[in-house]
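Scope of the values below: all heavy atoms of this structure, side chains included, with no hydrogens, waters or symmetry mates. Residue numbers count from 1 along this sequence.
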Amino acid sequence: MARVVIVSNRVPLPSKGAKAGGLTVALKDVFKQGALWLGWSGEIAAETATSAKLHNSGKLDFATIDLSEDDYRRFYVGFANSVLWPLLHFQPGLLEFDREDFEGYLAVNSTYAKALAELLRPDDLIWVHDYHLIPLADALRALGVKNRIGFFLHVPFVPASVFGVLPSAEKLLRMMLTYDVVGFQARQHLHDFEDCLLSFLNIARQSGEPISYEGRSVVVDAIPIGIDSRGFARQAKKAVQSRAAHRLFESIEGHAFMIGVDRLDYSKGLPNRFEAFGYLLDRFPEHRMHVTYLQIAARSREDVAEYQRLKRELDRLSGDINGRYADFDWQPLRYMTRAVSRASLAGFHRQARVGIVTPLRDGMNLVAKEYIAAQDPEDPGVLILSRFAGAAEELTEAIIINPYDPEEITEAMHEALVMPLDERKDRQEKLFEKICQTTAITYCRDFINALTGGTNGHSLTSQ
Ligand code: ADQ
């Protein structure tokens, strides 16, 4: 049976403890049959390492690479998070392109490729994750690596009119076609990728067919990521008995409770959400003194200037809302910038009457699925979901909103707070069914099947 080799920017080393992050969560239960996982250690060293450090952790072998300060700045802070991240989230105005950063991005990818090539077995299946590593297959091929290599993009893709803003657009697009499989979260992202192929490379994909590129065949598909829905549901049921859940429950004193859980990132639409909550208290005064909104926004990428600016804006907005509407015995908005453990989150979601997920763009958004999984089927809460999250393609029974319109979010908050039990149960039943169809397991199985052409001998069973 072929070994799966995962390559991602960060490696979830158990010794470093759990951090907020999509990939770690989606894959952690799945590769029980052994795998190698390579990526950045999270450490800054005097020089970027030329070979990986190996760590064994039961079924998974980890291989990590330390980065120099300069490579970290150019590759991670620079090209990956100040160019590709804003671009792929439809924010070209936030792009800070610098040719040296792009060179650094290519150089770090070559370093990863060399370190990985030393560890590869001939029949390994290589599964590369996310926008940090677009050039990796090209760099591996240059070293003579012949293994099957797949790429999954966790974030959205953009149409040609937006992608063309990137000075190295065509080069990156060609690099994506060096993979054997290219997977996206949603059909819309696949559609936008096809738009780029046609515009930049004059490649018209026949519906459902692989792409022929330089004599090779490239499978492209939408393979949505999911969670272990039933496992998370069990965790939530148990977690409501936890000390943290009791503390929260006692502190809200019978108020309706709304929750938002995100990384502190401008793609997540937090300022509009805060504004929407302010409007709710203004336009629907019946909710004053009766609703508490908890926003957990784990600090993220603090080295990138735009994230510092966002934090200042949210500090200001939350102070403004509480200053205006709080009473001596009621605080409407609780805003915290620390990550919370997965178990506590599961319990908090279950207690929340409303889950608010309003990104301006999002590849999938697993919080939306976790919120649904955590609900009590006999008294479920209501999910408010941005139409621009990949999750909205599947979760159509949520209240779907346009996150650019704070007043639409306000109306959705009100609708969710007053929604009758029958309607809540009806929506929840359908949504739960959907998140049990597309899970972490089906995601991995479908991707590996695409990578092997369906003949891999991997026994990833359905959940
Ligand atoms: P992220 O942008 O990190 O991931 P998301 O899918 O919302 O976004 O969250 C991933 C995980 O992090 C979830 O399990 C969530 O519970 C956890 N998390 C988020 N905020 C947290 C917080 N404040 N405290 C604790 N945990 C937190 C990227 C893409 C997404 C895509 C994922 C997976 O941007 O669109 O869904 O990868 O592919």
Side-chain angles (χ1 to χ4, degrees), residues 9-10 19-23 40 42 44 67 69-105 108 130-134 153-158 161-169 172 260-276 295-321 335-339 356-365 367 386 388-390 402-406 409:
N9 177 52
R10 287 294 283 270
K19 278 253 165 110
L23 180 59
W40 178 38
I44 301 291
L67 289 180
E69 175 75 29
D70 197 49
D71 279 342
Y72 167 74
R73 297 247 151 238
R74 298 205 175 286
F75 159 74
Y76 182 76
V77 178
F79 194 73
N81 284 319
S82 302
V83 175
L84 288 178
W85 179 272
L87 180 85
L88 295 174
H89 288 86
F90 288 73
Q91 303 274 357
L94 298 183
L95 228 82
E96 290 178 32
F97 183 81
D98 174 329
R99 281 190 183 189
E100 282 188 47
D101 288 351
F102 185 51
E103 292 306 322
Y105 175 75
V108 168
D130 232 357
Y131 60 99
H132 316 83
L133 299 171
I134 293 172
L153 186 67
H154 287 260
V155 299
F157 207 74
V158 285
S161 53
V162 178
F163 200 61
V165 169
L166 184 67
S168 44
L172 278 188
V261 176
D262 308 76
R263 277 184 309 98
L264 208 163
D265 191 300
Y266 53 81
S267 67
K268 304 291 182 185
L270 293 164
N272 285 5
R273 200 186 298 175
F274 279 18
E275 256 181 62
Q295 177 62 53
I296 302 173
R299 287 191 300 275
S300 174
R301 303 178 196 161
E302 292 175 86
D303 291 346
V304 181
E306 200 52 36
Y307 289 69
Q308 297 162 9
R309 201 199 53 73
L310 173 68
K311 179 160 181 309
R312 286 194 297 275
E313 185 181 359
L314 293 174
D315 288 351
R316 186 187 61 75
L317 278 170
S318 60
D320 205 42
I321 290 169
Y335 161 55
M336 53 187 281
T337 60
R338 266 174 293 126
I356 316 176
V357 179
T358 59
L360 304 177
R361 287 282 157 177
D362 220 329
M364 174 57 65
N365 197 297
V367 174
S386 162
F388 301 124
N402 182 335
Y404 287 90
D405 181 359
I409 306 175

What residues, two or more places apart in sequence or in another chain, satisfy side chain to side chain donor-acceptor pair (under 3.5 Å) together with [X]?
| X | result |
| --- | --- |
| Tyr307 | Trp85, Asp265, Arg301 |
| Arg73 | Glu69 |
| Asp320 | Arg324 |
| Thr337 | Arg299 |

Practice problem: Sort and list the pairs that fulfil salt bridge (charged side-chain N to carboxylate O under 4.0 Å, His left out) and have at least one residue in residues 90-100, not counting sequence neighbours. | Solution: Arg74-Glu100
I need the [X] [atom1] to [Y] [atom2] distance, nearest 0.5 Å.
| X | Y | atom1 | atom2 | answer |
| --- | --- | --- | --- | --- |
| Phe157 | Leu87 | CZ | CG | 8.0 Å |
| Leu270 | Leu310 | CG | CG | 6.5 Å |
| Asp362 | His154 | CG | NE2 | 12.5 Å |
| Leu314 | Arg273 | CG | CZ | 9.5 Å |

Practice problem: Run the ring-centre check on Trp40 versus Tyr76 and record whether the distance is less than 6.0 Å. | Solution: yes
Quiz item: Strictly under 6.0 Å, is that where the ring centroids of Phe388 and Phe90 end up?
Solution: no
Exercise. Go through the steps for Asp303 and Tyr72 under the test side-chain contact (heavy atoms from CB on, under 4.5 Å), then give the verdict.
Key: CA-CA 10 Å; Asp303 291 346; Tyr72 167 74; 2.4 Å; yes
So, the side chain of [X] versus the backbone of [Y]: is there a donor-acceptor pair under 3.5 Å, distance only?
| X | Y | result |
| --- | --- | --- |
| Glu302 | Gln308 | no |
| Ser82 | Val77 | yes |
| Gln295 | Gly260 | yes |

So which heavy atom on [X] is nearest to which on [Y], and how close?
| X | Y | value |
| --- | --- | --- |
| Gly104 | Phe75 | O-CB, 4.1 Å |
| Pro359 | Ala389 | CG-CB, 3.9 Å |
| Leu264 | Ser300 | O-CB, 4.0 Å |
| Ile296 | Arg338 | CG2-O, 3.4 Å |

Quiz item: Please walk me through it: do Thr358 and Asn272 pass side-chain contact (heavy atoms from CB on, under 4.5 Å)?
Solution: CA-CA 8 Å; Thr358 59; Asn272 285 5; over 6 Å; no
Quiz item: Is there side-chain contact between Tyr105 and Leu84, with at least one heavy-atom pair below 4.5 Å?
Solution: yes
Quiz item: Any side-chain heavy-atom pair from Val357 and Ser386 closer than 4.5 angstrom?
Solution: no
For [X], which residues count as a side chain to side chain contact (heavy atoms under 4.5 Å, CB included) partner, sequence neighbours excluded?
| X | result |
| --- | --- |
| Pro156 | His89, His189, Arg361 |
| Ser168 | Phe79, Phe97, Phe102, Leu166 |
| Ala80 | Tyr131, His132 |

Quiz item: Which residues satisfy the salt bridge (Lys or Arg N to Asp or Glu O under 4.0 Å) test with Glu313, sequence neighbours excluded?
Solution: Arg309
Exercise. Please step through side-chain contact (heavy atoms from CB on, under 4.5 Å) for the pair Leu95 and Val165, ending with a clear verdict.
Key: CA-CA 9 Å; Leu95 228 82; Val165 169; 4.0 Å; yes
